[in-house]
Structure formats: structure tokens, C-alpha cells
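Since we're looking at a predicted model, the values are computed, not measured.
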Amino acid sequence: MGAGALLLLLTLLLLGALSPPLRFRAKIASYCVLCVVASALTSLVCLLWNGGRTVRNMTIIKNVVRTFKYFYGLRFEVKGLEHFEVEGPCVIISNHQSILDMIGLMEILPERCVQIAKKELLYFGPVGLIIYLGGIIFINRKSTGNAKSVMSGVGQAMTSENLKIWIYPEGTRNMNGDLLPFKKGAFHLAVQTQVPIIPVVYSSFSSFYNPEKKMFTSGKIKVEIFPPISTKGLTNEDVDDLSKQCYTTMRETFFTLSGKSREANGEASILGQ
């Protein structure tokens, strides 16, 4: 990948001569190309090294994606990484902001950890192939079943294969300066399987990445990983309270890490960057 990396670096240097909107589009295009090329090459490595679909491939994928931050000038400040050192399965939840979340995910991804993804991603060429080989669990987001039933199959896979499952409880990307209300699927999963939940919060990307302003520059991302929250003895009746507890904690931490404060009128304001 030496020649490809050099070409990408030269491309990024040339972006400085473009207008901000064109620079933004070119940078996003380079990111998409990087994802496709890296996925294709990494798929070959995974097939040769591990022979097919297995969570062990996530270690290879993680090491490749962690190099992306150098191309785009992203820096990470991580607190609480030791909280991932739990024995057995667990559910990890985090906020979900943009296409750059993948870089943040792979920066701290623990061993034997996979995400839940919509089935449609399987058809995204090399990207679909690499996430399939990594053992990602695919679900049908158009299913008419409720969160509890959709997660039952995920729970069986998690416990039988000793997996950590990473879920974005907001359900969709969100860069509005706040957290969206949490969906209940992750909490039903943790309670059904009686495994701990580990909240993870990433600071806002808005100081360096903002599609509305056509901005994509270098920047620092703060990450805080919380101690595991036990679900032992909890039932479905406790899911709402568990969800509210995690949401409140993660929301306040998001504001703190991002240098924001919640004003009385409900708007978030920057205190200082």
C-alpha cells in the first residue's frame, strides 16, 4: 500500500489549492476511495490469513483503519480504556455522528468485538465484503418485530461466540450538537443476556468536520469509556430506566468533552475550543 498511501498524501496536499467547498468534496471523495481500496486489499489479507469470516479478522481491519487518522490529521485523547478488560460478552454503546465514526471505533475497538449493521451494507462492494469477513452481525432494519425480538438472535450469537457487541443506540448519524433519544434494542439485548453495558462517548466533531459548512480539517477527538454497568437481576421492566440512566450520563459527558453547556432554552453553546 506504499504507492497508494503516497498518492493519497499528494492528493491531500493538492487540496490546499482548492476553494473550501471543492476541498471538502475532494476530501470526502478521497476518504471514500481510501475505504474502498483499503477494504479490497484487507479482504485479501483476511482471506489468506484466517480463511474466511471470523471475528479474528477485526484485529487486521482495526490495524488498517487506525492508519486513516494520519491522512486526515485526526488525534485521539482516550480515557478509561481499561474498562474494556471485562471477561465474557458485553454490550458497548456510543454516540453516532458521521462517516468518520469508523475511525473512532477502530481506534479503541476491543478484541472480539463486532458491530450490528443493516443488511444493505452487504452489497457495498469491497466494503460489504470486509465487514462480512470481520464477523459483523447483520439485521433487517425493516423487520416488523420489536426491539426485543430483533435482538434475540443477536444475543444468541453474542453468548455462543463470546462476543462484545458495539451498538449506536441513537439509530442513525447525528451532528445536531446533542444526542438523539436512544432506541431500546441495545438495552433489551443486555438485559436478556444479563451482560454488562459499557457506555462510550466521543466529543463533537463539529470543530473540524461539518458537512453543512463544507468543512473537513484536522482536529482532536476526546473519548471517554465508562465502567461496565451490571444488568444482573434486571428484567424487561428495567429497560426504560437503564436506557434513561445511560442517556443522561452520556449526554452530559458529550457536552463536557465537547466544551459545550446546555442552556435553559435547550440550545447548546460553545464555551471555548
Side-chain angles (χ1 to χ4, degrees), residues 35-36 38-39 42-43 46 50 52-66 68 76 78 81 83-84 86 88-143 147 150-174 179-180 182-190 192-193 195-202 221 223 225-226 228 246 250:
C35 289
V36 171
S39 294
T42 308
S43 294
C46 290
N50 288 317
R53 175 177 165 87
T54 170
V55 68
R56 294 193 303 275
N57 284 327
M58 289 306 300
T59 300
I60 299 173
I61 297 168
K62 175 174 68 175
N63 289 333
V64 171
V65 174
R66 288 182 74 174
F68 289 14
F76 288 89
V78 182
L81 198 58
H83 296 313
F84 281 154
V86 295
C90 68
V91 174
I92 302 170
I93 57 173
S94 72
N95 53 318
H96 193 17
Q97 299 183 70
S98 76
I99 59 174
L100 301 182
D101 286 340
M102 178 185 66
I103 301 178
L105 170 74
M106 294 301 172
E107 180 69 19
I108 64 172
L109 191 78
E111 292 299 312
R112 301 199 63 78
C113 181
V114 298
Q115 289 177 282
I116 291 177
K118 56 185 180 181
K119 283 187 175 181
E120 290 81 357
L121 290 179
L122 273 170
Y123 309 107
F124 277 47
V127 175
L129 175 60
I130 192 60
I131 62 177
Y132 169 80
L133 291 173
I136 297 294
I137 298 175
F138 296 96
I139 61 171
N140 182 6
R141 294 179 64 177
K142 298 179 181 179
S143 172
V150 168
M151 288 297 173
S152 61
V154 177
Q156 293 176 7
M158 180 176 66
T159 54
S160 64
E161 299 178 37
N162 188 29
L163 299 175
K164 293 176 174 64
I165 304 295
W166 192 298
I167 300 175
Y168 297 112
E170 291 172 281
T172 188
R173 295 170 188 162
N174 165 46
L179 268 63
L180 296 175
F182 284 175
K183 298 181 182 300
K184 301 298 194 304
F187 306 97
H188 279 297
L189 175 61
Q192 286 175 3
T193 52
V195 302
I197 287 182
I198 301 179
V200 176
V201 181
Y202 292 85
I221 302 168
V223 189
I225 304 162
F226 285 82
C246 290
M250 292 175 66

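Side-chain contact between Phe226 and Val201 is present, with at least one heavy-atom pair separated by less than 4.5 Å. Residues Ile93 and Met250 are in side-chain contact: their nearest non-hydrogen atoms beyond the backbone lie under 4.5 Å apart. When side chains are defined from C-beta on, Phe68 counts as touching Met102, because their heavy atoms get closer than 4.5 Å. Within the 4.5 Å cutoff, no side-chain heavy atoms of Ile221 are placed close to those of Ile103.
Between the side chain of Arg112 and the backbone N or O of Pro89, no donor-acceptor pair lies under 3.5 Å. Listed for the Arg53 side chain is a donor-acceptor partner under 3.5 Å among the backbone atoms of Ile136. Judged by distance alone, with hydrogens and angles left aside, the side-chain atoms of Asn63 form a donor-acceptor pair with the main-chain N or O of Thr59 at under 3.5 Å. In this structure, the side chain of Thr42 does not engage the main chain of Ser39 through any donor-acceptor pair within 3.5 Å.
Considering only residues two or more places apart in sequence or on other chains, Lys62 meets the side chain to side chain donor-acceptor pair (under 3.5 Å) condition with Glu111. Checked against ring-ring contact (aromatic ring centres under 6.0 Å, His included), Phe84 has no partners two or more places apart in sequence or in another chain. Residues passing the ring-ring contact (aromatic ring centres under 6.0 Å, His included) test with His96, sequence neighbours excluded: Tyr168.
Classified by interplanar angle (parallel below 30°, tilted 30° to 60°, perpendicular above 60°), the ring pair Phe187/Phe182 is parallel.
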Practice problem: Take Ile99 and Arg173 through the test side chain to side chain contact (heavy atoms under 4.5 Å, CB included) and record every step on the way to the result. | Solution: CA-CA 8 Å; Ile99 59 174; Arg173 295 170 188 162; 3.2 Å; yes
Exercise. Decide side chain to side chain contact (heavy atoms under 4.5 Å, CB included) for Val86 and Lys164; before the verdict, give the C-alpha distance in whole Å, the side-chain angles of both, and the deciding distance to 0.1 Å.
Key: CA-CA 10 Å; Val86 295; Lys164 293 176 174 64; 3.8 Å; yes
Exercise. Start with the C-alpha distance between Ile61 and Val64, add both sets of side-chain angles, then the distance that settles side chain to side chain contact (heavy atoms under 4.5 Å, CB included), and finish with yes or no.
Key: CA-CA 5 Å; Ile61 297 168; Val64 171; 5.9 Å; no
Quiz item: Can you list the steps and then say if Gln115 with Leu105 is a side chain to side chain contact (heavy atoms under 4.5 Å, CB included)?
Solution: CA-CA 10 Å; Gln115 289 177 282; Leu105 170 74; 3.0 Å; yes
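Among the candidates Val200, Val223, Ile225, the single residue satisfying the side-chain contact (heavy atoms from CB on, under 4.5 Å) test with Ser94 is Val200.
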